[in-house]
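One structure is given below, encoded as structure tokens.
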Amino acid sequence: MKLLLALVLAISACAPGLDGARQTIANTALVLNASAHAFEQYDAQHQQTLAQPDQGTLTDRNIAISAYRAKREIVLKAFSSGLVVLTTANALIPLVENGTKDKNDLSAMLNNLYAAASQIQSALTALGVLGGNR
Amino acid sequence: MNDIAAILSPILSLIAQLAPIGIQALTAKSEDSATILASVQDAIATYTATVNGLPGAIQANDAAIDAQLKAEAEKPA
């Protein structure tokens, strides 16, 4: 996952111009999509783990699952924010193309994409989907 | 007049040779841009569907776990 995000950043750095920006948007969307599916799978498996009798009493397990679900909200919000940033970025390209917006707006848009991807990565790490937090 | 023709002739010849290459390059670039544009639309549409479907998928996971725990709670000791 971190590798894929790094790949997006590398492609962005190497591909100048509007086609490069479009490619960056597409790659970011693909990486975030794969992350969302990974999260969905993790969610089912992790809740199943938390629900197992060896994790404590029924009360303990219910508390642990509730706590996990509360923490999970930040990931859902991050994925939604990522979608807004991607859609906004995509809408900006034709405006740069026709001169309504300039290259600085494009750079700001790319920075927003990195920020959104990083935010999702942080949220997934905090939840334990990424890293050794499981 | 002949001098001008002598100067223009190799230039026109060069343009004639390069024009098909230039047109080919422009066409190739245009196709690449169209491909990239289509891939952006596809990628965003796919991600949109995934994000919109996420709450439902999560709710299904929750329901499965809740049912499992409820069954355990109602099981006679």
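Within every chain, numbering begins at 1; the chains are lettered A, B, ... in the order of the sequence lines, protein sequences first and strands thereafter. When reading the values below, keep in mind they use all heavy atoms of this one structure, side chains included, and skip hydrogens, waters and symmetry mates.
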What's the spacing between [X] [atom1] and [Y] [atom2] if we round to 0.5 Å?
X: B:I36; Y: A:I25; atom1: CD1; atom2: CD1; value: 11.0 Å
X: A:L30; Y: B:S39; atom1: CG; atom2: OG; value: 7.5 Å
X: A:R22; Y: B:T35; atom1: CZ; atom2: OG1; value: 11.5 Å

TODO: Check each atom of B:D62 against the heavy atoms of chain A and say whether the ones under 4.5 Å are side chain, backbone, both or neither.
DONE: both
Open item on the list: Less than 4.5 Å to any heavy atom of chain B: does that hold for the side chain of A:L76, its backbone, both, or neither?
Closed with: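 A:L76 touches chain B through side-chain heavy atoms alone.
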Task: Listed once per pair and sorted, the side chain to side chain donor-acceptor pair (under 3.5 Å) pairs that draw on residues 44-57 of chain B, sequence neighbours left out - done: A:N33-B:T50, A:H37-B:T50
TODO: Sort by residue number and list every member of residues 52-59 of chain A having a non-hydrogen atom under 4.5 Å from chain B.
DONE: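 The list, in residue order, reads A:Q52, A:L58.
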Task: Heavy-atom side-chain proximity of B:L69 to A:I65 below 4.5 angstrom - done: yes
Open item on the list: Just so I know, are the side chains of B:N61 and A:Q48 near enough to count as touching, which here means a heavy-atom distance under 4.5 Å?
Closed with: no
Open item on the list: With chain A as the partner, which of B:L37, B:V51, B:V40 has the greatest number of non-hydrogen pairs under 4.5 Å?
Closed with: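 Highest number of heavy-atom pairs under 4.5 Å: B:V40.
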Open item on the list: Please identify which of these residues, A:E73, A:R72, A:R69, meets the side-chain contact (heavy atoms from CB on, under 4.5 Å) condition with B:I58.
Closed with: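 With B:I58 as partner, A:E73, A:R72, A:R69 yield a single side-chain contact (heavy atoms from CB on, under 4.5 Å), made by A:R72.
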Open item on the list: Using every non-hydrogen atom in the two residues, find where A:A51 and B:E72 come nearest and quote the distance to one decimal.
Closed with: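 Scanning both residues, the minimum pair turns out to be O-OE1, 4.4 Å.
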